[in-house]
Asks: 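Below you will find the structure I want to go over with you.
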Amino acid sequence: MRLISLVSVAVLVSLSMRATAQDWIEFASTQDRFTLNFPGQPKVEETTYTSEYGAELPARVYHAENGQSRYSLTVVDYRPLERLLTAKSAACPPGAETCSGTLATSGRGQWKTDLRGALVHATWQFMQRDVKVTHYMWSFVDLVEGHRLQMTNNADQSRTFASVHMHENKLYILEATAPRGMHGQEQFQQSLGWLDENGIGLRYLDVYSNQDIYLNGHSPPGRVDRTGLDSQSGQGRIDAPR
């Protein structure tokens, strides 16, 4: 009887593990132009995000849970930034330090400094938590530059993998947290990809820097030519569903 019980437990554990693995889906958003693996269909919530210099920006949070593990991607639209901070500058009292100075970095040009520092600001927010940062690096996803972190929570020893990227004036803040000894964060972090304006998986030929394009006037790097290729060729990503 004990052998049968042990076998039954093993079968149940195996089926449970398979069910968990099968729950992961390849999710694509044509609205925010990304692809990402989630443990099931993510919920989507509208919210706002406060930039370093106080602009309230529209944002969407895509999130899902798998047991005690949590997965989310926050997409922040920085396109209204110039308008919002320029208006804020115009309303400043005369002589205020935050609203005077050169157009390149402060005053009516403060939005440029905010945009340049968006990756650093988002990364710094993670570092302000009660965590120990165990890994921090510059990284890229399909040549879109960003920052990548790994952290251990000081209270419960849960592990968080985070990434921050900026593409076409949208900030992408990815976060995956699992209890101590559990995994899944790596799969989530490494599955991020981009979509072009037609919903096709996108990869650049050189490093994509958002500020180089939108502040320095540089042209975007070339894209991998996918003419005649199937949806998976050379990308390691998926297309949006038709």
Asks: Quick one: side-chain hydrogen bond (donor to acceptor under 3.5 Å, both in side chains) partners of H183, sequence neighbours excluded?
Replies: none
Asks: Working note: R203 + Y208, criterion side chain to side chain contact (heavy atoms under 4.5 Å, CB included); need CA distance, chi angles, decisive distance, verdict.
Replies: CA-CA 10 Å; R203 180 179 175 85; Y208 177 104; over 6 Å; no
Asks: Under 4.5 Å between side-chain heavy atoms, hopping through other hydrophobics if needed: is there a path connecting V131 to W124?
Replies: yes
Asks: Between R223 and E197, does any NZ, NE, NH1 or NH2 come within less than 4.0 Å of an OD or OE carboxylate oxygen?
Replies: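 Yes.
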Asks: Quick one: do F126 and I173 satisfy side chain to side chain contact (heavy atoms under 4.5 Å, CB included)? Show the steps, please.
Replies: CA-CA 10 Å; F126 283 114; I173 306 172; 3.7 Å; yes
Asks: Determine, stepwise, if the pair W111 / K88 fulfils side chain to side chain contact (heavy atoms under 4.5 Å, CB included).
Replies: CA-CA 10 Å; W111 67 272; K88 183 179 179 180; over 6 Å; no
Asks: Sequence neighbours left out, what passes side-chain hydrogen bond (donor to acceptor under 3.5 Å, both in side chains) with H63? Give chain and number order.
Replies: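 H63 satisfies side-chain hydrogen bond (donor to acceptor under 3.5 Å, both in side chains) with E45 once adjacent residues are dropped.
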Asks: Could you pull out the closest heavy-atom pair between L195 and F34, with the gap in Å?
Replies: CD1-O, 3.6 Å
Asks: Examine V207 and Y214 and state if one hydrophobic cluster contains both, with Ile, Leu, Val, Met, Phe, Trp and Tyr joined whenever side-chain heavy atoms are less than 4.5 Å apart.
Replies: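 Yes, same cluster.
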Asks: Under the rule for side-chain hydrogen bond (donor to acceptor under 3.5 Å, both in side chains), what residues qualify as partners of H167, not counting sequence neighbours?
Replies: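 Applying side-chain hydrogen bond (donor to acceptor under 3.5 Å, both in side chains) to H167 gives Y204.
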Asks: Hey, does the side chain of Y71 reach the backbone of Q189 with a donor-acceptor pair shorter than 3.5 angstrom?
Replies: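 No, because the side chain of Y71 does not come within donor-acceptor range (under 3.5 Å) of the backbone of Q189.
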Asks: Which heavy atom in Y49 sits nearest to a heavy atom in A59, and how many Å separate them?
Replies: CB-CB, 4.2 Å
Asks: Enter the distance from L115:CG to L215:CG here, rounded to the nearest 0.5 Å.
Replies: 4.5 Å
Asks: Sequence neighbours excluded, which residues qualify as ring-ring contact (aromatic ring centres under 6.0 Å, His included) partners of F38?
Replies: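 ring-ring contact (aromatic ring centres under 6.0 Å, His included) check on F38 returns F27, F188.
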Asks: Of all residues at least two apart in sequence or in a different chain, which pass the side-chain contact (heavy atoms from CB on, under 4.5 Å) check with E56?
Replies: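 Checked E56 against side-chain contact (heavy atoms from CB on, under 4.5 Å); matches are T48, T50.
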Asks: How far apart are the closest heavy atoms of T74 and V61, and which atoms are they?
Replies: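 Between these two residues, the closest heavy atoms are OG1-CG2, 3.7 Å.
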Asks: With sequence neighbours left out, what residues match L205 under side-chain contact (heavy atoms from CB on, under 4.5 Å)?
Replies: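 Counting only residues at least two positions away or on another chain, L205 forms a side-chain contact (heavy atoms from CB on, under 4.5 Å) with V224.
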Asks: Side-chain atoms of residues 144-155: list all donor-acceptor pairs with protein atoms under 3.5 Å, sequence neighbours left out, distances to 0.1 Å.
Replies:
{"residue": "E145", "atom": "OE1", "partner": "W138", "partner atom": "NE1", "Å": "3.0"}
{"residue": "E145", "atom": "OE2", "partner": "S209", "partner atom": "OG", "Å": "3.1"}
{"residue": "H147", "atom": "ND1", "partner": "T123", "partner atom": "OG1", "Å": "3.0"}
{"residue": "H147", "atom": "ND1", "partner": "Y136", "partner atom": "OH", "Å": "3.2"}
{"residue": "Q150", "atom": "OE1", "partner": "R159", "partner atom": "NH2", "Å": "3.0"}
{"residue": "T152", "atom": "OG1", "partner": "R159", "partner atom": "NH1", "Å": "2.8"}
{"residue": "N153", "atom": "OD1", "partner": "A155", "partner atom": "N", "Å": "2.7"}
{"residue": "N153", "atom": "OD1", "partner": "D156", "partner atom": "N", "Å": "3.0"}
{"residue": "N154", "atom": "ND2", "partner": "D130", "partner atom": "OD1", "Å": "2.8"}

Asks: Tabulate below the donor-acceptor pairs under 3.5 Å that side-chain atoms of residues 174-181 make, not counting sequence neighbours, or state none.
Replies:
{"residue": "E175", "atom": "OE1", "partner": "R129", "partner atom": "NH2", "Å": "3.2"}
{"residue": "E175", "atom": "OE2", "partner": "R129", "partner atom": "NH1", "Å": "2.5"}
{"residue": "E175", "atom": "OE2", "partner": "R129", "partner atom": "NH2", "Å": "3.3"}
{"residue": "T177", "atom": "OG1", "partner": "T160", "partner atom": "OG1", "Å": "2.7"}

Asks: Let me confirm one number: the CG-CD distance from N66 to Q187, rounded to the nearest 0.5 Å.
Replies: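 Rounded to the nearest 0.5 Å, the CG-CD separation comes out at 9.5 Å.
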Asks: Starting from the C-alpha separation in whole Å, work towards a yes-or-no answer on side chain to side chain contact (heavy atoms under 4.5 Å, CB included) for Y62 and S29.
Replies: CA-CA 10 Å; Y62 300 79; S29 169; 3.2 Å; yes
Asks: Tell me, which pairs form a salt bridge (Lys or Arg N to Asp or Glu O under 4.0 Å) where one or both residues lie in residues 64-80, sequence neighbours left out?
Replies: D77-R79
Asks: How long is the span from the CG atom in L85 to the OG atom in S51, to the nearest 0.5 Å?
Replies: 5.5 Å
Asks: Got a sec, which pairs hit ring pair (Phe, Tyr, Trp, His ring centres under 6.0 Å) with one end in residues 75-94, sequence neighbours left out?
Replies: none
Asks: Report yes or no: do L73 and V44 belong to one cluster of Ile/Leu/Val/Met/Phe/Trp/Tyr joined by side chain heavy-atom distances under 4.5 Å?
Replies: yes
Asks: Decide yes or no for L57 and L84: does some side-chain heavy atom of the first lie under 4.5 Å from some side-chain heavy atom of the second?
Replies: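 Sidechains of L84 and L57: in contact.
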Asks: Give, for atom CG of L119 and atom CG of L171, the distance between the pair rounded to the nearest 0.5 Å.
Replies: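 Separation between the atoms: 6.5 Å.
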Asks: What residues, two or more places apart in sequence or in another chain, satisfy salt bridge (charged side-chain N to carboxylate O under 4.0 Å, His left out) together with E46?
Replies: R60
Asks: Side chain to side chain contact (heavy atoms under 4.5 Å, CB included) with D114: which of E52, E82, H121?
Replies: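 Among E52, E82, H121, the one meeting side chain to side chain contact (heavy atoms under 4.5 Å, CB included) with D114 is E52.
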Asks: Does the side chain of P58 come within less than 4.5 Å of P80's, by heavy atoms?
Replies: yes
Asks: CG/D32 to CH2/W194 distance, rounded to the nearest 0.5 angstrom?
Replies: 10.5 Å
Asks: Measuring from atom CG of N210 to atom CE of M166, what distance do you get when rounded to the nearest 0.5 angstrom?
Replies: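 N210 atom CG to M166 atom CE measures 5.0 Å (nearest 0.5 Å).
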Asks: With sequence neighbours excluded, what pairs up with N216 under the side-chain hydrogen bond (donor to acceptor under 3.5 Å, both in side chains) test?
Replies: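 Once residues adjacent in sequence are excluded, the partners of N216 under the side-chain hydrogen bond (donor to acceptor under 3.5 Å, both in side chains) criterion are D212.
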Asks: Looking at D142, N37, L36, T35, which hits side chain to side chain contact (heavy atoms under 4.5 Å, CB included) with L192?
Replies: L36
